[in-house]
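In what follows, chains are A, B, ... by sequence order, proteins preceding strands, each numbered from 1. These values consider heavy atoms only, across backbone and side chains, with no hydrogens, waters or symmetry-generated copies.
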There are 2 protein chains.
Amino acid sequence: MSAKNGVKIMVEEIDARKKKILQAVIQEHIISASPIGSRTLAKKYNLDVSPATIRNEMADLEELGYLEQPHTSAGRIPSDKGYRFYVDTIVKKNINPAPSSIQKIEHIYDDMKSVQDIISGMGKMLSNMTHYTSLVSEPKIQESRLRKVQIMELEDNSLLIILVTDTGMVNNKIVKVQEKLSNKKLAYINKFLSDKLENKFLSSLTAEYLTRVEKELLSRIDISAEIIKQIYSEIEDVFEPEDVKVYLGGTSYILEQPEFNDIERLKKVLKLLEQEDILSSLISDFSDSDLEIRIGQENGIEDMQNCSLVVATYYLANRAVGKIGVIGPTRMEYSKVILSVDIISDLLGKLISKASR
Amino acid sequence: MSAKNGVKIMVEEIDARKKKILQAVIQEHIISASPIGSRTLAKKYNLDVSPATIRNEMADLEELGYLEQPHTSAGRIPSDKGYRFYVDTIVKKNINPAPSSIQKIEHIYDDMKSVQDIISGMGKMLSNMTHYTSLVSEPKIQESRLRKVQIMELEDNSLLIILVTDTGMVNNKIVKVQEKLSNKKLAYINKFLSDKLENKFLSSLTAEYLTRVEKELLSRIDISAEIIKQIYSEIEDVFEPEDVKVYLGGTSYILEQPEFNDIERLKKVLKLLEQEDILSSLISDFSDSDLEIRIGQENGIEDMQNCSLVVATYYLANRAVGKIGVIGPTRMEYSKVILSVDIISDLLGKLISKASR
DNA sequence: TTTTAGCACTCATTAAATTAGAGTGCTAAT
DNA sequence: ATTAGCACTCTAATTTAATGAGTGCTAAAA
């Protein structure tokens with residue numbers, strides 16, 4: 001009613017019927033990947049109005065920016081704005097929480113895998129569920145606590161530095177040194193590092209802190225500054241990685257999407273997916289909200305304008321440590337994908353904490 | 001001359017001129033990716049004969065199986081057999097050893113990387129050099145010597161098992177145990193494992209040997225058989241992996257090949273490249289010769305009939321530990337690829353041994 | 001005032017027809 | 001043994017025509 005008196009038109013620009021029609025267009029387009037006409041809608045969805053009325057409504061929706069017309073005499077396809085509206089007001093409401101059937105899966109992966117295996121396994125599972133390409137980032141090192149640091153000597157002049165985080169990640173580096181360390185000195189260093197570093201959040205182990213500790217160690221033990229420096233620089237490397245590692249799964253599912261029958265477009269996207277640094281910054285750019293959706297141009301990458309991303313955060317001990325998500329065409333089965341991403345992100349967190357606990 | 005007297009025709013079925021023509025067809029086809037006609041050859045290659053003569057020779061070459069005709073009035077394309085001949089008798093001769101300019105590259109990667117980084121980096125470099133997809137397998141664990149084994153305790157009831165091979169690979173596993181081990185016992189176990197396992201070839205550490213050692217340890221120390229068993233099963237897991245890990249590089253280069261403009265064919269190959277187990281057995285199937293080439297159907301995989309593989313072995317301390325190679329269309333720039341693979345495999349071996357020494 | 005039937009018009013897609021040209025194989029001359 | 005000449009073949013590209021889904025507008029109906 002309020003929509004009828006001119007003044008409030010802007011406020012409620014989409015009435016119930018328009019909404020219904022928009023939804024119908026999108027759902028149909030998700031299935032068919034081609035423009036949708038008024039007759040089709042009238043037939044398949046019981047909208048109780050004639051094609052002519054639907055045509056009028058669609059013209060309105062186009063004017064408002066929710067639909068687009070590839071050419072004059074074609075049907076309509078949803079715009080990014082249309083998908084955004086769809087996702088925000090129609091899909092999200094109807095998502096119900098993860099079904100309990102998942103607990104079965106949880107057991108399969110029980111305790112037999114390393115964190116890396118779990119991550120790539122869950123990525124693959126997600127892409128199998130959704131038939132889109134999946135994307136998973138490793139737990140952020142900054143959000144982890146250092147659980148164990150230990151240096152051991154290999155024969156000759158190599159040291160092996162082991163760093164274990166509470167997220168189950170094990171980092172190792174082999175360092176070559178000039179000088180042989182006595183067992184006693186090594187034990188002392190290990191003890192010292194343990195005391196100073198273990199159980200601290202890696203974000204609190206700043207470069208300044210490390211430098212201070214380095215100096216302190218140097219003053220207490222009689223070995224060359226060189227070795228200590230080497231050890232520390234390796235430790236720092238681990239703590240401040242340029243990029244989070246990203247695991248890709250189901251890349252070939254992209255080929256099943258008709259929008260990538262165009263080889264040129266396909267090439268561009270596949271090239272992108274090969275560049276680890278881009279993937280890394282792409283996924284890191286998502287907020288730590290439970291689930292974020294970027295539709296079409298929203299993702300900001302030129303060659304991915306017709307892709308959407310659905311990305312969830314996974315948690316370890318209530319810390320948002322990593323992301324897992326799906327990349328597919330803008331014309332994506334959002335409701336299914338959202339559900340899957342939701343379930344799998346949850347599961348991923350559980351499995352990793354189980355494995356690293 | 002001998003070819004001229006009927007009797008020896010079979011022995012030397014291809015005379016110098018045929019060879020020259022075959023070579024010309026192949027070289028031209030490698031460039032153009034389409035059938036080659038007699039006129040083109042006569043024009044571009046100074047064969048000093050007329051197109052008509054070339055036609056006759058090409059008809060012969062087709063009869064002998066070196067060339068194929070897509071359809072009656074098209075030019076000829078090389079068959080697998082043609083490529084095989086080309087590679088064996090024409091290309092290989094003209095390959096000269098790695099130029100010394102490589103030493104520059106060697107320095108770039110000097111000692112700053114882990115073995116995994118070196119492997120994937122060299123794979124990428126190879127695919128950038130050749131513009132084909134590269135394939136590298138990790139050093140075979142069986143060909144390595146165990147350099148260090150050490151078990152350490154994380155807090156609560158987790159143990160971290162570290163295994164380092166002389167190929168620079170560091171394996172780690174976190175194992176959960178029921179019982180807490182005293183430091184003394186742990187030290188004893190470490191000493192014991194060191195003595196029994198270190199510096200042995202992993203191929204000599206058979207399941208039987210391990211079982212024997214396991215029993216011996218159990219008889220000497222007072223802890224539950226359970227823990228020992230867990231530890232051993234993890235160690236065994238590392239020693240007997242199902243698959244070698246394979247690194248892929250430059251997958252998107254496939255798209256630049258016109259033979260994969262057919263989306264269906266492309267899809268099949270990309271699907272294959274996603275299956276780690278297939279890649280692993282594909283590359284493992286190559287002999288330990290310096291360089292092996294499989295052309296077209298020779299590689300035995302249905303969906304890769306129009307692909308060739310050029311695979312070299314890389315060595316650590318004179319042991320053939322892994323493979324590195326290139327996968328591309330049968331119509332591949334063999335001479336360039338062979339050279340590149342040769343250089344890079346050599347470099348890879350050097351870099352890994354430098355990094356792990 | 002809103003909805004709907006009717007109709008002329010648009011435009012992409014598909015199929016069919018046509019053309020162009022590269023290449024062959026054969027024959028007869030060199 | 002080689003080559004010029006020529007008829008023939010077959011693909012790939014281009015043009016043309018046909019199809020049909022879909023629209024926007026108008027005027028009548030609700």
Side-chain angles (χ1 to χ4, degrees), chain A residues 1-6 9 15-18 20-22 24-25 28-29 31-64 66-79 258-259 261-262, chain B residues 1 3-6 9 14-18 20-22 24-25 28-29 31-64 66-79 258-259 261-262:
Chain A
M1 323 302 156
S2 61
K4 283 174 183 172
N5 61 40
I9 274 187
D15 60 26
R17 192 168 70 184
K18 283 199 174 57
K20 222 169 155 187
I21 290 176
L22 179 57
V25 171
E28 194 61 21
H29 183 252
I31 297 168
S32 73
S34 47
I36 314 301
S38 55
R39 241 175 61 90
T40 317
L41 288 188
K43 239 187 292 176
K44 287 209 185 177
Y45 298 75
N46 49 344
L47 300 167
D48 299 322
V49 285
S50 74
T53 311
I54 296 178
R55 276 202 287 283
N56 288 329
E57 294 286 42
M58 292 208 295
D60 288 353
L61 283 168
E62 184 176 354
E63 214 168 324
L64 293 168
Y66 294 96
L67 293 179
E68 288 169 359
Q69 214 173 8
H71 57 88
T72 332
S73 72
R76 301 307 204 291
I77 59 174
S79 66
E259 26 271 278
N261 275 355
D262 174 12
Chain B
M1 325 301 156
K4 283 176 182 170
N5 62 40
I9 275 188
I14 284 201
D15 59 29
R17 192 168 69 185
K18 283 198 173 58
K20 221 168 156 189
I21 289 176
L22 178 57
V25 171
E28 195 59 24
H29 183 251
I31 297 168
S32 72
S34 47
I36 314 301
S38 54
R39 239 175 61 91
T40 316
L41 288 188
K43 237 186 296 175
K44 288 209 185 177
Y45 298 75
N46 50 342
L47 299 167
D48 298 321
V49 285
S50 75
T53 310
I54 297 178
R55 276 203 286 284
N56 288 330
E57 293 287 44
M58 291 208 295
D60 288 353
L61 283 167
E62 183 175 359
E63 214 169 324
L64 292 168
Y66 295 96
L67 293 179
E68 288 169 359
Q69 214 173 7
H71 57 87
T72 332
S73 71
R76 304 300 205 295
I77 59 174
S79 67
E259 26 271 277
N261 275 353
D262 174 12

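Between the P atom of D/dG22 and the CD1 atom of A/Ile21 lies a distance of 15 Å, rounded to the nearest Å. We find that NZ of A/Lys43 is positioned 8 Å from P of D/dA21, with the value rounded to whole Å. With rounding to whole Å, A/Arg17 atom CZ is found 8 Å from C/dT4 atom P. Rounded to an integer number of Å, the gap from NE2 of B/His71 to P of D/dA12 is 6 Å. The distance between atom CD of B/Glu57 and atom P of D/dA1, rounded to the nearest whole Å, is 11 Å. Going from atom CG of A/Asp15 over to atom P of C/dT2 covers 11 Å, rounded to whole Å.
Pairs engaging residues 45-56 of chain A under the side chain to side chain donor-acceptor pair (under 3.5 Å) rule: A/Glu28-A/Tyr45, A/Ser38-A/Arg55, A/Ser50-A/Thr53 [sequence neighbours left out].
In this structure the side chain of A/Asp15 reaches within 4.5 angstrom of the side chain of A/Lys18, judged on heavy atoms. In this structure, the side chains of A/Val25 and A/Tyr66 stay at 4.5 Å or more apart for every pair of heavy atoms. Contact check for A/Arg76 versus A/Ile36: no side-chain heavy atoms found under the 4.5 Å cut-off. Taking 4.5 Å as the limit, every side-chain heavy atom of A/Glu57 sits out of range of all side-chain heavy atoms of A/Ile54.
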Problem - Protein proximity profile, nucleotides 23-30 of chain C - base contact B, sugar-phosphate-only contact S, no contact -, cut-off 4.0 Å on heavy atoms - result: SBB-----
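When the side-chain nitrogen and oxygen atoms of A/Thr53 are compared with OP1 and OP2 of C/dT4, one or more of them lie within a distance under 4.0 Å.
Of the listed residues (B/Leu47, B/Val49, B/Leu22), just one forms a side-chain contact (heavy atoms from CB on, under 4.5 Å) with B/Arg17, and that residue is B/Val49.
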